[in-house]
Trainee: 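My structure is below; once you've seen it, I'll send some questions.
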Protein chains: 2
Amino acid sequence: MNNTPVTLKFLAEKLKMSVSTVSKALNNYPTINEYTKQRVQEMARDLHFTPNKSAINLKERKSHIIGIILPNLLDHFFTRSIYGVEQFATQNGYNVIISQSHDDLKKEIQSANMLLRSRVDGLIVAISKHTQDFAHLDQFENMGIPVVYYARNPSFNLSCHKVLGNTFHGCYQATKFLINKGHKKIAYLGGPKMINFTHDRFNGYINALNDNQVPFSSELVAYTNFDKESTISAIKNLFANPENIPTALVAFKETILFDAIKYLKSINHPNFNEIECIGFGNTSFIAYLDSPPIASIEENPESVGENAIKLLIQLINKEIDIHNYQKIMVDCKLIVHG
Amino acid sequence: MNNTPVTLKFLAEKLKMSVSTVSKALNNYPTINEYTKQRVQEMARDLHFTPNKSAINLKERKSHIIGIILPNLLDHFFTRSIYGVEQFATQNGYNVIISQSHDDLKKEIQSANMLLRSRVDGLIVAISKHTQDFAHLDQFENMGIPVVYYARNPSFNLSCHKVLGNTFHGCYQATKFLINKGHKKIAYLGGPKMINFTHDRFNGYINALNDNQVPFSSELVAYTNFDKESTISAIKNLFANPENIPTALVAFKETILFDAIKYLKSINHPNFNEIECIGFGNTSFIAYLDSPPIASIEENPESVGENAIKLLIQLINKEIDIHNYQKIMVDCKLIVHG
DNA sequence: GCAATTATTTCAAACGTTTGAAATGTAGTT
DNA sequence: AACTACATTTCAAACGTTTGAAATAATTGC
């Protein structure tokens with residue numbers, strides 16, 4: 001039980017030398033005598049000296065902390081993205097503080113202010129569904145703290161750094177895959193219209209249809225807010241016209257397919273066995289479904305996270321100018337199951 | 001673009017008063033004149049003054065950071081537990097740094113050292129599967145930093161603070177529920193034997209059998225390491241003796257039931273439809289399974305996290321002596337589906 | 001043996017805040 | 001006018017580190 005904390009001063013007194021010698025010895029300054037260094041380092045080891053981060057932070061005017069604001073840790077996209085961030089951050093001497101907004105703007109503002117008070121050296125943020133005003137995030141750049149937007153596209157904010165999945169291309173690939181399998185009636189089940197990706201993905205879908213001379217039908221497009229009721233009502237619409245029943249389905253998100261498939265099964269839809277589905281996600285759980293999607297659009301969240309942190313660190317180190325706004329697109333990959 | 005950071009000194013110069021007056025005005029000292037306070041607070045607001053946390057931390061000899069080491073963010077138990085921690089930590093002015101060990105002892109040691117260097121004010125840890133030596137965690141207590149073990153029981157470490165699910169009782173309840181439904185042949189599918197909970201849960205199972213005069217058969221007990229192969233081989237053992245086929249199954253973890261159920265279905269087991277399963281977990285996914293478990297043992301991870309952080313903060317505030325080791329058990333709840 | 005180098009150590013200020021003690025200002029009392 | 005009693009502000013040190021400049025010690029050359 002050591003009451004006196006082991007500081008440089010403490011070591012210096014023990015060794016009967018000055019604080020600066022001790023500091024320089026530990027930091028391996030060339031002007032310090034080898035023998036002195038040895039003595040200091042030995043003593044530091046024996047007494048379990050750990051430099052006080054707060055003091056260093058104060059001196060260096062850095063916190064060595066990177067903040068992440070994201071909607072939710074229950075969504076595997078985000079937890080997987082953290083892997084990419086964490087690893088590279090740690091390697092570069094940064095700690096990561098994660099704050100969840102729960103897709104609530106108020107909570108996002110709170111998180112931002114909290115991280116600002118903590119004087120993070122940089123911020124990575126996946127904005128909430130409802131973020132249209134960016135004042136709480138702009139504060140950071142105004143103070144010279146770089147911000148990288150990732151995973152969700154802040155389209156209202158033109159001047160910012162972004163790392164996004166190439167969701168257009170992912171949806172294009174999926175649609176093309178279905179076309180190649182012979183499908184002519186492919187439905188698109190989008191997410192909430194206020195999420196930009198909904199439209200990017202829709203464009204991927206449309207382009208794939210056009211490029212392959214498959215006629216587009218507006219009856220084959222519907223949107224859901226992710227909740228079960230909304231998904232079922234969208235599905236009802238897609239299957240409303242008996243003259244125009246889809247045989248395949250591209251969904252904004254794999255998880256909404258679960259509700260969709262379950263519903264179609266529950267009503268014993270006559271064409272149920274023909275319907276082939278693909279969604280964004282690649283959840284490990286689909287292995288357990290009786291009628292699983294035939295493929296998944298893997299978004300590579302780890303890579304999205306890794307790109308975000310790499311860019312952020314370059315910005316922190318001023319290797320890239322903070323106003324030289326970057327946009328990085330991370331490719332998706334179609335994973336065919338079975 | 002403000003190059004000069006807005007500090008107390010900066011405000012003081014602008015206002016032509018001393019740094020200490022500014023500081024005290026912002027902290028609402030009673031000795032400061034009301035009018036002065038107003039002027040200072042107004043100026044602070046206008047110039048977006050944010051107190052420098054590093055300086056405060058240095059002064060207060062606190063980091064206002066709480067570390068969490070846990071195996072994995074992909075496991076919903078842990079992500080849910082974070083909800084409980086985060087909320088209460090934030091309310092008390094603490095930031096949380098989460099570090100994943102990936103159930104790897106080396107990584108856990110690294111994380112511990114990293115958090116020690118960051119001089120966290122307290123640590124919450126769910127140990128890795130392989131942690132038997134606690135030197136890297138004992139460091140904290142030796143420096144007077146309290147540690148709360150949670151979610152996973154560090155049975156090799158007798159003197160420590162613990163917050164654990166009452167897993168014995170959870171398993172007891174589940175077994176009893178099955179008995180009440182008329183089952184006589186209830187199997188127990190445990191996790192890896194090196195995890196203590198495996199045995200606690202087994203004891204819950206056994207006690208429920210005994211208390212209700214259901215005979216025990218060692219043929220109805222098997223263990224898995226969580227991976228698919230291991231689970232299937234355990235299931236094969238449980239169903240090996242045609243004279244003694246189980247009609248119900250209590251599993252260490254809901255997710256292993258997925259592999260189990262899938263396997264039984266795949267081999268078209270004759271009694272498949274009779275078999276009723278229960279596991280620890282309560283995953284939202286089970287809603288999408290065709291043959292879902294009939295009930296789940298909800299472990300209340302949020303509550304486990306909340307209890308851990310509350311205890312930790314009491315320890316930090318010295319409301320409880322660091323050597324007065326506490327053990328808190330959080331109840332499970334049986335959730336019957338359908 | 002003494003100046004000129006060079007090697008090594010120490011000084012002192014700074015980072016931004018807090019806080020008890022000391023100083024100053026103001027008003028009230030006699 | 002001198003004194004007390006407050007109200008208010010400022011001083012100064014401290015938290016633990018870093019780092020350029022200054023001081024000191026040791027070594028070399030002549």
Trainee: With side chain to side chain donor-acceptor pair (under 3.5 Å) as the rule and sequence neighbours excluded, what pairs involving residues 15-31 of chain A come up?
Mentor: A:S18-A:S20, A:S18-A:T21, A:N28-A:K37

Trainee: Taking the side chain as every heavy atom from C-beta outward, state whether B:L26 and B:F49 have any atom pair closer than 4.5 Å.
Mentor: yes

Trainee: Nearest-nucleotide wise, let me know which of B:E60 and B:S20 is further upstream toward the 5' end of DNA chain D.
Mentor: B:S20

Trainee: Among residues two or more places apart or on two chains, list those pairs meeting side chain to side chain donor-acceptor pair (under 3.5 Å) that have a residue in residues 40-52 of chain A.
Mentor: none

Trainee: Using the salt bridge (Lys or Arg N to Asp or Glu O under 4.0 Å) criterion, which residues pair with A:E319? Sequence neighbours excluded.
Mentor: none

Trainee: Earliest and latest nucleotide of DNA chain C, 5' to 3', sitting under 4.0 Å from a non-hydrogen atom of chain B?
Mentor: C:dG16 to C:dA21

Trainee: Parallel, tilted or perpendicular, judged at 30° and 60°: which one describes the rings of B:Y325 and B:H161?
Mentor: tilted

Trainee: Under the salt bridge (Lys or Arg N to Asp or Glu O under 4.0 Å) rule, collect the residues that match up with B:K310, sequence neighbours excluded.
Mentor: B:E306

Trainee: When all nucleic acid strands are considered with a 4.0 Å heavy-atom cut-off, which category describes B:T7: base, sugar-phosphate, or nothing?
Mentor: sugar-phosphate

Trainee: Note down the inter-axis angle between the two ends of the helix from C:dG1-D:dC30 to C:dT30-D:dA1, five pairs each, to the nearest 10°.
Mentor: 70°

Trainee: With sequence neighbours left out, write down each residue that passes side-chain hydrogen bond (donor to acceptor under 3.5 Å, both in side chains) with B:D103, or none if nothing qualifies.
Mentor: B:R152

Trainee: Enumerate the ring pair (Phe, Tyr, Trp, His ring centres under 6.0 Å) contacts for residues 117-146 of chain B, please, sequence neighbours excluded, ordered by first and then second residue.
Mentor: B:F134-B:Y149

Trainee: Would you mind listing every side chain to side chain donor-acceptor pair (under 3.5 Å) that reaches into residues 67-78 of chain B, with sequence neighbours excluded?
Mentor: A:Y83-B:N72

Trainee: What residues from residues 111-119 of chain A pass a heavy-atom cutoff of under 4.0 Å to DNA chain C?
Mentor: none

Trainee: Might you point out which heavy atoms bring A:S101 and A:I69 nearest each other, and give the distance in Å?
Mentor: CB-CG2, 4.4 Å

Trainee: For DNA chain C, determine which residues of residues 25-38 of chain B have any heavy atom closer than 4.0 angstrom to one of its atoms, and list them numerically.
Mentor: B:N27, B:Y29

Trainee: Do the side chains of B:I316 and B:I66 get nearer than 4.5 Å, heavy atoms only?
Mentor: yes

Trainee: Take a 6.0 Å sphere around NZ of A:K62 and say whether it holds more than 12 heavy atoms from other residues, nucleotides or ligands.
Mentor: yes

Trainee: A:K53: which residues meet the side-chain contact (heavy atoms from CB on, under 4.5 Å) condition with it, sequence neighbours left out?
Mentor: A:N57, A:H64, A:N95, B:S118

